[in-house]
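Since we're looking at a predicted model, the values are computed, not measured.
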Amino acid sequence: MPNSLTVADRIIIHLSNYTKYLESYDVPIDISQDGIAAGLRISRAHATIELKKLKENGYVTEKQSHIKKGKTRRKVYFLTPKGEERVAEILKYVKENEIDLSRYQDIRKCKGPDLWDSLDEKFKPIIAMASVFRKPFSRDVLPDISVSLLPVDEKGMVDLPQEIKEYVLSVTETNRIEDYHNFAADYWLHCDDIKEVLYHLVMAKRFNDAEILLYNHAAELMLSPDDELFETVSNIRDMTPGYSDVVHYVQAEMARRIGRAEYCLILTKMMEASSIPSERFKGYLIEGKLHMDHEEYHLAYRSFIRARGVFDDHMDTNIECCVAESLLKNEDIHEAQEILMRLVSQGFKDYDDEARAYYLLGTIAIKTGDDDEALRMFTISRRAMIKRQSEILTTLSNENFSAGMRSKAIEYAYMADECTLNLPAVEPSKTRK
């Protein structure tokens, strides 16, 4: 026997790690023909031939088992007592000949350098392409090769260990990595995963495309801010004038929402110095919200007043609500009430602002001891929130209908109707303009 392991020996060593599942109802996909081929980085046909020989020679046994998280039963393989004896012989041979077993291990158990050194040059780009993905992705989108190089789960999805991905990318040329990120961005765009599209666009240095994506999907992305998303938007460079206010707004607001107060404050000061009015407005607005977060209500009021002054030719209901809330938090009830009543008298174009204004009026009524008025204000606020929900559901219904998803469109339309039916009985004193 040469100073290496045969494919049959490698299969036996691989299966020796799964003996504990012999009596289990659910078993890993790793002991199916596909799992064994992927783990050993050989073709499925090769795995089938070798498993047949091992079964005929009494080293493995075959049975039907339910694959974990899968929907069907599949053929899986376990070592027989004779196979277990063979494991001991192989390990003794490995020790005597100082053979490094790591290069024969399942790719998920390999160290990055060992895996990379053992790969044929023509397969390295496949591993590198897979390494740019942060989330499991479909194996079908990568080039087809004769070897089962990548481990897939029961749904055909690939997800390499982080240590392997980091090492592979560290030894891959930068321009190649950017190309692979371009590929990944297109994949996630097809899957409608905006967060992942944005990440790969930034990593590919397609900053203008990232700006456009932020411009169109800022509200959606801001619904679930986290450190990863914050790092992505913070890495957008070379901003174009037409999009800088949106990018800076998302960067600053996301920093505020995840608790990066110092970074947020730096960005707001930069925005406030901008020559673009909309950017100055957003800078003052976020700075005010940051002060509200830290219960610095007098500073928040000052920032909101400055935001109000950017566009002094019209009234912004959102900023007026912010001013009123900062006054209310600072116990200046009379002025806060005046601002809110002025908003009510002119009517609302936005349900969110309407709900907020009436909620604040309800809070004022509680503070002044008028419980009946508080109940009426809170009821009107709730009406506005329900109408907003109905509006969103109607939009979703229309979008699904346009996309040809009729059953989903009907479902959302039904939910929108249910919202309308559940409106509280109290009517607002002023109709919507």
Asks: Quick check for you: to the nearest 0.5 Å, what is the distance between Glu262 atom CD and Leu265 atom CG?
Replies: 8.5 Å
Asks: Taking the side chain as everything from C-beta on, heavy atoms only, tell me whether Leu214 gets closer than 4.5 Å to Ile236.
Replies: yes
Asks: What closest approach, in Å, do Cys321 and Leu360 show between heavy atoms, and which atom pair accounts for it?
Replies: O-CD1, 3.8 Å
Asks: Any side-chain donor paired with an acceptor under 3.5 Å for Tyr77 and Gln33?
Replies: yes
Asks: Would you mind reporting whether Tyr180 and Leu169 have side-chain heavy atoms less than 4.5 Å apart?
Replies: no
Asks: Which residues pass the ring-ring contact (aromatic ring centres under 6.0 Å, His included) test with Tyr215, sequence neighbours left out?
Replies: Tyr243
Asks: CG/Asp350 to CG/Asp316 distance, rounded to the nearest 0.5 angstrom?
Replies: 9.5 Å
Asks: Measuring from atom CG of Asn235 to atom CD of Gln251, what distance do you get when rounded to the nearest 0.5 angstrom?
Replies: 9.0 Å
Asks: Any chance you could measure Thr317, atom OG1, to Glu354, atom CD, to the nearest 0.5 Å?
Replies: 10.0 Å
Asks: Kindly determine whether Ser234 and Tyr263 satisfy side chain to side chain contact (heavy atoms under 4.5 Å, CB included), including the steps that lead there.
Replies: CA-CA 10 Å; Ser234 296; Tyr263 188 82; 3.9 Å; yes
Asks: Is a salt bridge present between Arg356 and Glu325, judged by a nitrogen-to-oxygen distance below 4.0 Å?
Replies: yes
Asks: Using a 3.5 Å distance criterion without hydrogens, assess whether the side chain of Ser170 forms a donor-acceptor pair with backbone atoms of Tyr167.
Replies: yes
Asks: Output the distance between atom OH (Tyr351) and atom CE (Met385), rounded to the nearest 0.5 Å.
Replies: 13.5 Å
Asks: Does His291 have any ring-ring contact (aromatic ring centres under 6.0 Å, His included) partners at least two apart in sequence or in another chain, and if so, which?
Replies: none
Asks: Once rounded to the nearest 0.5 Å, what's the spacing between atom CD1 of Ile339 and atom CD of Gln337?
Replies: 11.0 Å
Asks: Could you pull out the closest heavy-atom pair between Asn182 and Ala204, with the gap in Å?
Replies: OD1-CB, 3.6 Å
Asks: Answer yes when Asp227 and Arg260 have at least one side-chain N-carboxylate O distance shorter than 4.0 Å, and no when they do not.
Replies: yes
Asks: Do Glu320 and Asp353 have side chains that get closer than 4.5 Å, going by heavy atoms?
Replies: no
Asks: Is there a side-chain contact between Val250 and Leu221, using heavy atoms and a 4.5 Å cut-off?
Replies: no
Asks: Using the ring of each side chain (for Trp, its six-membered ring), is His200 parallel, tilted or perpendicular to His181, with breaks at 30° and 60°?
Replies: tilted
Asks: Is any side-chain heavy atom of Val323 less than 4.5 Å from a side-chain heavy atom of Tyr301?
Replies: yes
Asks: So which pairs with a foot in residues 317-339 pass ring pair (Phe, Tyr, Trp, His ring centres under 6.0 Å), sequence neighbours left out?
Replies: none
Asks: What closest approach, in Å, do Leu290 and Ala261 show between heavy atoms, and which atom pair accounts for it?
Replies: CD2-O, 3.8 Å
Asks: Does Val141 reach the side chain of Met129, with side-chain heavy atoms less than 4.5 Å apart?
Replies: no
Asks: Which residue, Lys135, Arg134, Lys165, forms the salt bridge (charged side-chain N to carboxylate O under 4.0 Å, His left out) with Asp159?
Replies: Lys165
Asks: I'd like to know if the side chain of Ser390 and the backbone of Ile386 have a donor-acceptor N/O pair within less than 3.5 Å.
Replies: no
Asks: Does the pair Glu411/Lys408 count as a salt bridge with the N-to-O cut at 4.0 Å?
Replies: yes
Asks: So, Ser381 side chain and Met377 main chain: donor-acceptor pair closer than 3.5 Å or not?
Replies: no
Asks: Looking at residues at least two apart in the chain, or sitting in another chain, which of them share a side chain to side chain contact (heavy atoms under 4.5 Å, CB included) with Glu253?
Replies: Met222, Tyr249, Arg256, Arg257, Ile286, Lys289
Asks: Can a salt bridge be assigned to the pair Glu287 and Lys269 using a cut-off of 4.0 Å between side-chain N and carboxylate O?
Replies: yes
Asks: Determine yes or no for a side-chain-to-main-chain donor-acceptor pair under 3.5 angstrom, with Ser32 supplying the side chain and Gly35 the backbone.
Replies: yes
Asks: With sequence neighbours left out, what residues match Phe281 under ring-ring contact (aromatic ring centres under 6.0 Å, His included)?
Replies: Phe311
Asks: Quick one: does Asp226's side chain get under 4.5 Å of Lys195's, heavy atoms only?
Replies: yes
Asks: Would you name the heavy atoms of Ile12 and Leu79 that are closest together and state the gap between them?
Replies: O-CD1, 3.7 Å
Asks: With a 4.5 Å heavy-atom cut-off, do Lys205 and Asp238 have their side chains touching?
Replies: no
Asks: Asn208 and Glu211: side-chain donor and acceptor closer than 3.5 Å?
Replies: yes
Asks: For a quick test of reading the model, state the closest non-hydrogen atom pair linking Ile276 to Ser244 and the distance between them.
Replies: CD1-OG, 3.7 Å
Asks: Between Ser397 and Leu393, is there a donor-acceptor pair closer than 3.5 Å when you use the side chain of the first and the backbone of the second?
Replies: no
Asks: Ser278: what forms a side-chain hydrogen bond (donor to acceptor under 3.5 Å, both in side chains) with it, not counting sequence neighbours?
Replies: Asp245
Asks: Would you please indicate yes or no on a ring centroid separation below 6.0 angstrom for Tyr359 and Phe378?
Replies: yes
Asks: Looking only at atom types and distance, does a side-chain atom of Ser16 sit under 3.5 Å from a main-chain N or O of Ile13, one as donor and one as acceptor?
Replies: yes
Asks: Would you name the heavy atoms of Phe78 and Tyr18 that are closest together and state the gap between them?
Replies: CE2-O, 3.5 Å
Asks: Under 3.5 Å, side chain of Lys282 to main-chain N/O of His248, donor-acceptor pair present?
Replies: no
